[in-house]
Colleague: 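Sharing a structure below in structure tokens format, with a few things to ask.
Worth knowing before you read on, the calculation uses all heavy atoms, side chains too, and leaves out hydrogens, waters and symmetry mates.
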There are 2 protein chains.
Amino acid sequence: MRMQDIARRLGISAMTVSRALKSDASVAPATRAAVLKAIEELGYVPNQIAGSLSSSRSGFAAILVPSLNNPHFSETVLALGNALDDRNMQLLIGNTEYDRRKEAELVRAFLARKPEAIILTSDGHDPRILPMLAKAKIPVIEIWDLPTRPIQHVVGFSNELAMRGLIGALIGEGYSRITYLGEADDADTRGASRRLGYCEAMAAAGLAPRLCSIGRPPATMSDGERGLETVLAAYPDTELVACVSDPLAFGVIAACQRRGWAVPGRMAVSGFGDFEIARIAVPAITTVQIDAAGIGREAGAIIGEAFKARRDAPPAAIIRPVPALPCLRASTARVR
Amino acid sequence: MRMQDIARRLGISAMTVSRALKSDASVAPATRAAVLKAIEELGYVPNQIAGSLSSSRSGFAAILVPSLNNPHFSETVLALGNALDDRNMQLLIGNTEYDRRKEAELVRAFLARKPEAIILTSDGHDPRILPMLAKAKIPVIEIWDLPTRPIQHVVGFSNELAMRGLIGALIGEGYSRITYLGEADDADTRGASRRLGYCEAMAAAGLAPRLCSIGRPPATMSDGERGLETVLAAYPDTELVACVSDPLAFGVIAACQRRGWAVPGRMAVSGFGDFEIARIAVPAITTVQIDAAGIGREAGAIIGEAFKARRDAPPAAIIRPVPALPCLRASTARVR
DNA sequence: ATTGCGTATGTTATCGATAACATCGTAGGC
DNA sequence: GCCTACGATGTTATCGATAACATACGCAAT
């Protein structure tokens, strides 16, 4: 069924049907009502593929995330989706699985569908995607980081500084034998930035870094359970395990509790991200607070601004930093 | 840049370029190589919107989930996405937020993009979507449940029987003062089926149901923290809280631990779904094991079968039950 | 009465790839 | 040496909505 069929039925032209479906176009109220009624009765659903080809507006934005079943990004995706709902746009979600090659494939596949904006959550990019993105002439937003060489817009924070701040605060609490537990093969990922921040904070306090790694990104709760062994094998005198993320920290705490070790007391543990589990777990987990939903909302706002700018003036890159502050909780409380 | 531009540059026709991009079409190897080289050099990305309009194959499937930041569905979505990767299809994800109206809007919006299959994870449907789905003439797969009146294909299990089995097993362990903690406003949701299963198991043992609810779906860890109060206010002698999901159970356990109550011992708690947190938490949480990723993979397989069937024979509805078995863990262990 | 303008609608061309059909050349069978 | 068949490529029409332009009508201002 096409618009033509609706039109013929009402003795009008397809163009009038098309206009009746756009809320701003000028159509007589009676005509519009008749069109909407006929559409409802016939169960007609417009073919947006044809519409997109004609109008060269696809009506969706694309987002690439490194991992979906991870509270970090699902909250951001959710908030961005809601923000786009208001503009009547859909969100196409791609999962890069922390793999640059997969990221590049997805960028190509998504660009073929002519998204009106693209959001990248991936860490370091395959260089081949840059010319593709440039040619697409759409807003590009990198989130969840502050890249040294941004492609265009950015909504994020420095993972390095955030972790440095957290470790600095923990050193201030009196901890010194702090061991970092991150992911293996984390080159060019946010995990690597956090590790760097840890090293800087340790160096600033005159302490030698103590680094361990477990599993490939993303770090899971199960990795944390196994990770405690790794940490203790390498640094038996560890008094605090600083983890690259909250789920990992939760796993480490669980492993401690299975051994009958008090957290805090026998061992302290910190995470990163401040997701629900960090607040609910017993003990509550010391972490870095990130407004994951806020990042999604801001990205949505930037898409709006970029569309307006394109009409008014040459678009300028927007760099929007979001706060990332240490949040000390029970899991690292000092115990007399 | 269009195919025409690539073609002109090589002195061939656009059709040959199009064929060179499909792996099965007959093109001379030398020609194909030249085309691919030119495409690479020019950074050309085919316009799939035009391709879809012409070939009437959109190259994606749509999935509606009630909630994204919920391990239940993100694992399924992930697995389905991977299954579709193999068929070179993309996955369009929609979030209904447990809202029928939103589900209906999304179905309409998605159908406008002509998906080649649609997967529904939502519970009860808005009746208006049925004619729309029928007209679309694409495979429809309902997952995560066994509807009494399936639209077409199904990959799922009976939430009612699964919860009945779990509660039955717990009664077998010697529990009797079991209070159910679910969501408010759960009419026509999986939560309601689980609640029903609980009631049946209690009735079968000659026990009166003890029902509590907290928050709207989806139940969160935070709901669990608050939920313990609700349970104790209504049924102070509760010895086991049977929760509608694992995150809720985790929150209840955390609340118990904050009070200094031993779990198990002072209170036992069960969940549903068997997600990572249920295995890692201390104590590990008694739950119903569901292979969430397996559901996604099966759905992908059904899409494949449906496409083949459409060519060969009239398509038949496939009902594929998946196991949902009780898994007793430490959180409900009997303590002398 | 005439001009002019705005509102409601129709007509035509177009977006870019691909299905379907047409053509051309050549290798192989007899 | 002729015919067939198939492999490689070109040509044309088409998918369905919409942008851009064209038209018709009515009402207000002069």
Colleague: What is the separation between atom CG on Leu21(B) and atom P on dT18(C), rounded to the nearest whole Å?
Modeller: 8 Å
Colleague: Just checking Ser26(A): base, sugar-phosphate only, or nothing, at a heavy-atom cut-off of under 4.0 Å?
Modeller: base
Colleague: Given atom CD of Gln48(B) and atom P of dT18(C), what is their separation to the nearest angstrom?
Modeller: 9 Å
Colleague: What's the closest nucleotide to the side chain of Arg57(A) if the choices are dT18(C), dA19(D), dG10(C)?
Modeller: dA19(D)
Colleague: Can a side chain N or O of Lys114(A) be found less than 4.0 Å away from OP1 or OP2 on dG16(C)?
Modeller: no
Colleague: In whole angstrom, give the distance that lies between atom CD1 of Ile12(A) and atom C1' of dT7(C).
Modeller: 16 Å
Colleague: So which nucleotide from dT18(D), dT18(C), dG16(D) ends up closest to the side chain of Ser55(B)?
Modeller: dT18(C)
Colleague: For the side chain of Met3(A), counting heavy atoms from C-beta on, which of dG10(D), dT9(C), dT18(D) is nearest?
Modeller: dT18(D)
Colleague: Consider side chain to side chain contact (heavy atoms under 4.5 Å, CB included). Of Ile151(A), Ile141(A), Ile138(A), which one does Ile118(A) pass it with?
Modeller: Ile138(A)
Colleague: Should we count CD of Glu41(B) as having more than 12 external heavy atoms under 6.0 Å?
Modeller: yes
Colleague: Which nucleotide wins on minimum distance to the side chain of Ala50(A), given the candidates dG16(D), dT18(D), dA17(C)?
Modeller: dG16(D)
Colleague: Relative to the 5' end of DNA chain D, which residue comes earlier, Ser54(B) or Arg32(B), by the nucleotide with the nearest heavy atom?
Modeller: Arg32(B)
Colleague: According to a strict under-4.0 Å criterion, is Arg19(A) in side-chain N/O contact with OP1 or OP2 of dG10(C)?
Modeller: no
Colleague: Counting only side-chain N and O atoms of Thr31(B), is one of them less than 4.0 Å from OP1 or OP2 of dT9(D)?
Modeller: yes
Colleague: How close or far is atom C1' of dG16(C) from atom CZ of Arg8(B), stated in whole angstroms?
Modeller: 13 Å
Colleague: By the 4.0 Å heavy-atom rule, please label Ile49(A) as base, sugar-phosphate, or nothing.
Modeller: nothing
Colleague: Any side-chain N or O of Thr16(B) less than 4.0 Å from the OP1 or OP2 oxygen of dG10(D)?
Modeller: yes
Colleague: Would you say NZ of Lys37(A) has more than 12 non-hydrogen atoms from neighbouring residues, nucleotides or ligands within 6.0 angstrom?
Modeller: no
Colleague: Looking at dA17(C), dA8(D), dT18(D), which one has an atom nearest to any side-chain atom of Ala28(B)?
Modeller: dA8(D)
Colleague: Of the non-hydrogen atoms in Asp145(B) and Pro147(B), which two are nearest, and what is the gap between them?
Modeller: O-CD, 3.6 Å
Colleague: Kindly point out which of dG10(D), dG10(C), dC15(C) is positioned nearest to the side chain of Leu53(A)?
Modeller: dC15(C)
Colleague: Could you tell me the separation between the CD atom of Gln4(B) and the C1' atom of dT18(C), rounded to a whole number of Å?
Modeller: 13 Å
Colleague: How close do Pro66(A) and Thr96(A) get, heavy atom to heavy atom, and via which atoms?
Modeller: CA-OG1, 3.1 Å
Colleague: Would you say a side-chain N or O of Ser18(B) is under 4.0 Å from OP1 or OP2 of dA17(C)?
Modeller: no
Colleague: What is the minimum heavy-atom distance between Ile129(B) and Ala104(B), and which atoms define it?
Modeller: CG2-CA, 3.7 Å
Colleague: Roughly how many Å is it from CG in Asn47(B) to C1' in dG16(C), rounded to a whole number?
Modeller: 6 Å
Colleague: Check the phosphate of dG16(C) against Tyr44(B), side-chain N and O only, distance under 4.0 Å to OP1 or OP2. Yes or no?
Modeller: no
Colleague: Rounded off to whole Å, could you give me the CZ-to-C1' distance for the Arg2(A) and dT18(D) pair?
Modeller: 15 Å
Colleague: Rounding to a whole Å, what distance do you find between Met15(A):CE and dT7(C):P?
Modeller: 17 Å
